[in-house]
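Following: one structure in structure tokens, then a few remarks.
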Amino acid sequence: MKSLLKYLKHYKKETALAPLFKMLEAIFDLLVPLVVAAIIDNGIGKSDVAYTLKMGGVLILLAVVGLLLALTAQFFAAKAAAGFGTELRHDLFAHIQSLSYSQFDRNGTATFITRMTTDVNQVQAQVNMAIRLLLRSPFIVFGAMIMAFTVDPKTAWVFVIAIPVLSVIVYGVMLITIPMYKKVQSGLDKIMVSTRENLSGVRVIRAFNKQESERKRYAEENQFLYKMQMLAGRISTIMNPATYVIVNIAIIGILWVGGKQVYIGKLTQGQVVALVNYMSQILIELIKLAGLIINLIRAFACASRIEEVFRLEPDMQEGTYDGRKQGIQQHAENPPAVEFEQVSVVYNESGEDAITDVNLKVLRGQTIGIIGGTGSGKTTLVHLIPRFYDAARGVVKINGVNVREYTFESLRRIVGIVPQKAQLFAGTIRSNLLWGNKNARERELVEALKLSQSYDFVMDKEQGLDTVVEQNGQNFSGGQRQRLTIARALVQKPEILILDDSSSALDYATDAKLRMALKTLKDTTTFIVAQRAASIMHADQIVVFDDGNIAGIGTHQQLLETCEVYQEIYESQFKTSGEGR
């Protein structure tokens, strides 16, 4: 939690003023029992109506001033907490964005979402409460004890005995429940994962009639979370009744000792009432403090989970080479656009290679088709080019320079990628295309739409480029989404274009038109990852993958003659052996 307090550094004034105004309010609260004692002893006891009214006016004044001070304190506390939460979310989001694909794979998206939302909100709420109450409540507790000594030292010893006992109860409950609330937050992570999977995969679940089994699984996870919350809650609820018991015993002690003092004339009735009021104030503040501590326990658990994310150091270090600024002209030997040298990849330290000892040279302007069975390593290979993952062994080069030496920004400018899942963002078609190049002109956007075979269906819409795109592009078909994501990459005008099975939803005619259009990009090196042989059969070179290894490299005709894996793929997709040759 300490490491997160730095986010209050821009709100030092508010963080100092809020508790200060709360302390001033507390001082006025501590004066109230003395005024009440004066009214009982000098006003009611002596039947002095004027004095009673005057001191009643003082009570009202104390209440009004206390209210104004409390509102001011709340304003400063809320401002500090809101600022704290805003800066924490900003930094946490930026840090998560700096993590590699591998770290996302290991930790899971749902975990990061929980940290960004539930955990940060919990910590922000408790920062607000802590600023207001963390100093005020102990101040009232010890202030009431000191004021009790000014009234009657002998009776005040009841306070000295009661307060340490109350402190032990509060601290003990806190020690027991902190680990429990950490488990509660972990259970919340699992619930988040299940919820996300069920909502995003609702069509698949219904298609396989798995609603009942998914409800059962969700209920089991929910039951675990419920049990942990109930256990932690039961232990936490011990705090309030325990403090009530101690405080009520202390009040009995005050009445017992104070009554004797009144009997022998050393105390007045008003002073005994003041002592009881001070003990009641202690009770109220301890209840507040108990609630604050219970919530702080949860906040500490949330804070530790947020700190865990911050402790995740990006496992991919950025280089310093800017490919576009420094240019490729410095390479007199005119190196390959992309080169793989003895490249192997291992996912998440699994021990097994996803791809093994890949050697491949791709010349500038070539179109390279990559085909193979599911899980053969096609996507893994192309993900090494923009450094979504790093090779465990070997070197990947772009324009003769190791990709590890490039800055991430220059690498993303050089390499345009269209992923397997066509992802559009809420906004408009124009705003989505401008992701590729925020300074692109209208002519460049139209050109990208035409190349990607998107122009006709976009212009058929009433608002054209300004047509609204709903979340995840749900108001477009699968094929339309794929073509728009291709257009987005083309707007970028990359040196290297990667199409990762990004035409799977297109019909054969549209797919053919798209391939012909991409052929016009003379200076662009294109990688086409596909399941269909028809999508890559006209490529300059075709790389065939089989279980993480290259099974063959060549043209369509060469592979039909020499590569058994390619022959099997081809024959499985074309009914007659002569078709497509």
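Computed from a predicted model, the values in this text were never measured in an experiment.
In this pair, Y566 and H556 present their aromatic rings perpendicular. The plane angle is above 60°, beyond the 30 to 60° band.
Side-chain contact of Y218 with N198: a donor-acceptor pair under 3.5 Å is absent, judged by distance alone. Side-chain contact annotation: E341 with N359, donor-acceptor N/O pair under 3.5 Å absent.
Paired with F224 under the rule side-chain contact (heavy atoms from CB on, under 4.5 Å), one option of E221, E220, M228 passes, and it is M228. When each of Q482, Q420, K378 is paired with D501, the side-chain contact (heavy atoms from CB on, under 4.5 Å) condition holds for Q420 and for no other. Under the side-chain contact (heavy atoms from CB on, under 4.5 Å) test applied with V358, the options I550, D353, V396, T380 reduce to a single match, I550.
Taking a cutoff of 4.0 Å between a charged side-chain nitrogen and a carboxylate oxygen, E212 and R215 qualify as a salt bridge. Contact check on R305 versus E308 returns no salt bridge, with no Lys/Arg side-chain nitrogen under 4.0 Å from an Asp/Glu carboxylate oxygen. Note on R483 versus D456: no salt bridge recorded, every NZ/NE/NH1/NH2 to OD/OE distance being 4.0 Å or above.
Between the Q366 side chain and the D540 main chain, no donor and acceptor come within less than 3.5 Å of each other. Between the side chain of N549 and the backbone N or O of F545, no donor-acceptor pair lies under 3.5 Å. Q573 places a side-chain N or O within 3.5 Å of a backbone atom of Q531 that can act as its donor or acceptor partner. Under a 3.5 Å cut-off, the side chain of E495 and the backbone N or O of T525 do not form any donor-acceptor pair. Panel note: side chain D507, backbone A509; a donor-acceptor pair is recorded below 3.5 Å. Using modelled atom types, no side-chain atom of Q541 and backbone atom of A539 make a donor-acceptor pair closer than 3.5 Å. Panel note: side chain S410, backbone Y321; a donor-acceptor pair is recorded below 3.5 Å.
Residue R206 places its CZ atom among 12 or fewer non-hydrogen atoms of other residues, nucleotides or ligands, all under 6.0 Å distant. Residue R311 qualifies as enclosed at atom CZ: its count of foreign heavy atoms under 6.0 Å is above 12. More than 12 heavy atoms of other residues, nucleotides or ligands sit less than 6.0 Å from atom CD of Q342. No more than 12 heavy atoms of other residues, nucleotides or ligands lie within 6.0 Å of CG in D547, so this atom counts as exposed by the packing criterion. No more than 12 heavy atoms of other residues, nucleotides or ligands shown are found within 6.0 angstrom of CD on Q471. A 6.0 Å sphere centred on CZ of F208 holds no more than 12 heavy atoms belonging to other residues, nucleotides or ligands. Surrounding OH of Y455 are at most 12 heavy atoms belonging to other residues, nucleotides or ligands under 6.0 Å away. With a 6.0 Å radius and a threshold of 12 heavy atoms from other residues, nucleotides or ligands, F93 has its CZ atom at or below the threshold.
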Acceptor/donor pairs from residues 459-470 side chains to any protein atom, 3.5 angstrom cut, sequence neighbours excluded:
from: D466; atom 1: OD1; to: R430; atom 2: NE; distance (Å): 3.0
from: T467; atom 1: OG1; to: G464; atom 2: N; distance (Å): 3.4
from: T467; atom 1: OG1; to: G464; atom 2: O; distance (Å): 2.7

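With a 6.0 Å cutoff to the six-membered ring centre and a 45° limit on the axis angle, R115 does not count as a cation-pi contact of F310.
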